[in-house]
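Below you'll find the structure, written out as structure tokens, and then a few comments.
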Protein chains: 2
Amino acid sequence: MTTPPPGLRERKKQATREALRAAALRLAVERGPDRVRVEDIAEAAGVSPRTYNNYFASREQAIVSALTADREARIAAAVAARPAGVRLADAVTEAVVEQYTNTGAPDHRVLPLITTRPALRDAFLDTTAGIEAPLAEVIAERLGDVGEDTARVLAAGVTAAVRIALEGWLRPAGGAGAGEAGSAESSAGGGLVVPSGSLPGRLRAALAPLAPAFDAAERNARPREGPAGVPVERTRPSGGRPR
Amino acid sequence: MTTPPPGLRERKKQATREALRAAALRLAVERGPDRVRVEDIAEAAGVSPRTYNNYFASREQAIVSALTADREARIAAAVAARPAGVRLADAVTEAVVEQYTNTGAPDHRVLPLITTRPALRDAFLDTTAGIEAPLAEVIAERLGDVGEDTARVLAAGVTAAVRIALEGWLRPAGGAGAGEAGSAESSAGGGLVVPSGSLPGRLRAALAPLAPAFDAAERNARPREGPAGVPVERTRPSGGRPR
DNA sequence: CAGCAAACATGCGTGCACGCAAGTTTGCGT
DNA sequence: ACGCAAACTTGCGTGCACGCATGTTTGCTG
């Protein structure tokens, strides 16, 4: 199930996709991202403008995809890779943190560029939605099929938490979708809030509140044993939440 | 903070918004929703097409907004209205269910119409994102200011759960004419799965997995008392999760 | 009441997303 | 090798979102 012969057609397709990615990123860095039209990207990649939209639904997606690439699959794999004994919440948290720590930016000019422009910022945030389905799958895997719906909700929760963490991380600007709350904001200097600043810190902080939900789901959906019939040794399925 | 004199300008603005809503809905029902252009809506409302986009960012928003109206504020208010003693998870769940049970569709031809067309369906689902900010605010209210970030995450989790519930709810919807909601019922007893079919059922099922997270947040963020200094009597902040 | 500044409606122009209907390439069975 | 069907690319046309500049309305203040 790993594409024994990748097939010529599929390879060309991926090549085109990659070419568009590269072209979009390069042009966006060279000129401003606002000075790049779809037509330019397509031309640089050697395809027609119309074809561009067969690969990317929006102008920003190509640029952002250079950063996100196949992060979805990576996160799912990272979760699946954790030994079955660890707390699900921990497995997911670490997998997410791991995949977001190295932003995968080849050029250090890229990140400031994305965080600056609102359109790119939004497109970047939208990519987090992509991790939901794979996550739901691996979570359901661990929860057993009885928790399929629960897995979906938990995965969605994780996705939402990640989105919030990212929003906070690249803050100095804000607002997406509908109206922004904004009014009664935390001007009060309560220091015990998030120690944040670093992305990993924010991610952990955002995911922490969901841990009890994972524990509960895990607890009441699988009082079973490990893959070899060995009773699983758990690392604290419950208890006070960390940090 | 309730606009003592609403102001003439603001009234006109709301009137225009309402006119656009009504026109969009009416035209969408009369002809198919695909046979309505922004230009038509604008004309029917007596404004220019350009003005339409000053009120709604997309063509579908106007149609859908007839259903969603001010649901965001209603949910927040509903949560705030619950007595302080009840479990936060219950308060939120009930508030959400309450606001989504009466879909607020004046015309029964409207719902089938929205559930059918993918574009409208997506636009409708997008509106759920709007409840996040108000929800976060009221949740933060109950959690105390120390849980502000937690509140955001929980609110986002609720939003995601609602979205999933809605997706599942209007999945079996299809066909041109008849759109009967809530028919396929729970299979027999093997499953503790969801008995779903009805929207309220799906909402509760989707929100249930998050309850432990609410409990934990509530537990460790506010060992305090009620608004009048009276120790709050809680309805089981912890314990096995219901249903 | 006069006048000014902000908010708003509107026209115009640009770039974009996407359906549709060809033309072209790839994969596969015979 | 051959040829067909599906997949892909491409040009074209339509409707849409939105920035910008301008004329008009509203609300406020001296």
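Values reported hereafter were calculated over all heavy atoms of this structure, with side chains retained and with hydrogens, waters and symmetry mates removed. Numbers restart at 1 for each chain; the letters A, B, ... are given by sequence-line order, proteins then strands.
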Atom CG of B:N54 and atom P of C:dA6: how far apart are they, to the nearest Å? 19 Å
D:dT9, OP1 or OP2 - any side-chain N/O from A:Y55 closer than 4.0 Å? yes
Decide if atom CD of B:E98 counts as having more than 12 heavy atoms of other residues, nucleotides or ligands within a radius under 6.0 Å. yes
Name all residues meeting the side-chain contact (heavy atoms from CB on, under 4.5 Å) criterion together with A:P118; count only those two or more places apart in sequence or in a different chain, and write none if there are none. none
For B:R50, the salt bridge (charged side-chain N to carboxylate O under 4.0 Å, His left out) test, sequence neighbours excluded, returns none
Tell me the interatomic distance from A:I41, atom CD1, to C:dG15, atom P, rounded to whole angstroms. 13 Å
Spacing of B:E43 atom CD relative to C:dT10 atom C1', expressed in whole Å: 15 Å
B:E43/B:R37 salt bridge by N-O under 4.0 Å criterion: no
Length of the line joining B:E39:CD and C:dG11:C1', which is rounded to integer Å: 13 Å
Enumerate the protein-to-nucleotides 11-14 of chain D contacts in which both atoms are nitrogen or oxygen and the separation is below 3.5 Å.
{"residue": "D:dG11", "atom": "O6", "partner": "A:R50", "partner atom": "NE", "Å": "3.3"}

Rounded distance (Å) that lies between atom P of D:dC16 and atom CG of A:N53: 17 Å
Atom pair distance, as rounded to whole Å: CG in A:L20 and P in D:dT9: 10 Å
On DNA chain D, does the nearest nucleotide to A:V47 precede the nearest nucleotide to B:R59 from the 5' side, or the other way round? Give the residue. A:V47
Tell me: CG of A:D34 to C1' of D:dC18, nearest whole Å? 13 Å
Using only side-chain N and O atoms of B:K13, determine if any of them is under 4.0 Å from OP1 or OP2 of C:dA7. no
Please determine which of A:R35, A:R26, A:R31 meets the salt bridge (Lys or Arg N to Asp or Glu O under 4.0 Å) test together with A:D40. A:R31
Identify whether the distance between the nearest side-chain nitrogen and carboxylate oxygen of B:R152 and A:E167 falls below 4.0 Å. yes
Grab the OH-C1' distance between A:Y52 and C:dG15 for me, whole Å please. 13 Å
Does a side chain donor of either A:S65 or A:R21 reach within less than 3.5 Å of an acceptor in the other side chain? yes
Can you list every pair that meets ring pair (Phe, Tyr, Trp, His ring centres under 6.0 Å) and has a residue in residues 10-54 of chain B, with sequence neighbours left out? B:Y52-B:F56
Could you go through nucleotides 26-30 of chain D and list every protein N or O atom that sits under 3.5 Å from one of its N or O atoms, giving the distance for each pair?
{"residue": "D:dT26", "atom": "OP1", "partner": "B:K12", "partner atom": "NZ", "Å": "2.8"}
{"residue": "D:dT26", "atom": "O4'", "partner": "B:R9", "partner atom": "NH2", "Å": "3.1"}
{"residue": "D:dT26", "atom": "O2", "partner": "B:R9", "partner atom": "NH2", "Å": "3.2"}
{"residue": "D:dG27", "atom": "OP1", "partner": "B:L8", "partner atom": "N", "Å": "2.8"}
{"residue": "D:dG27", "atom": "OP1", "partner": "B:R9", "partner atom": "N", "Å": "2.5"}

Who are the side-chain contact (heavy atoms from CB on, under 4.5 Å) partners of A:E94, not counting sequence neighbours? A:R82, A:R204
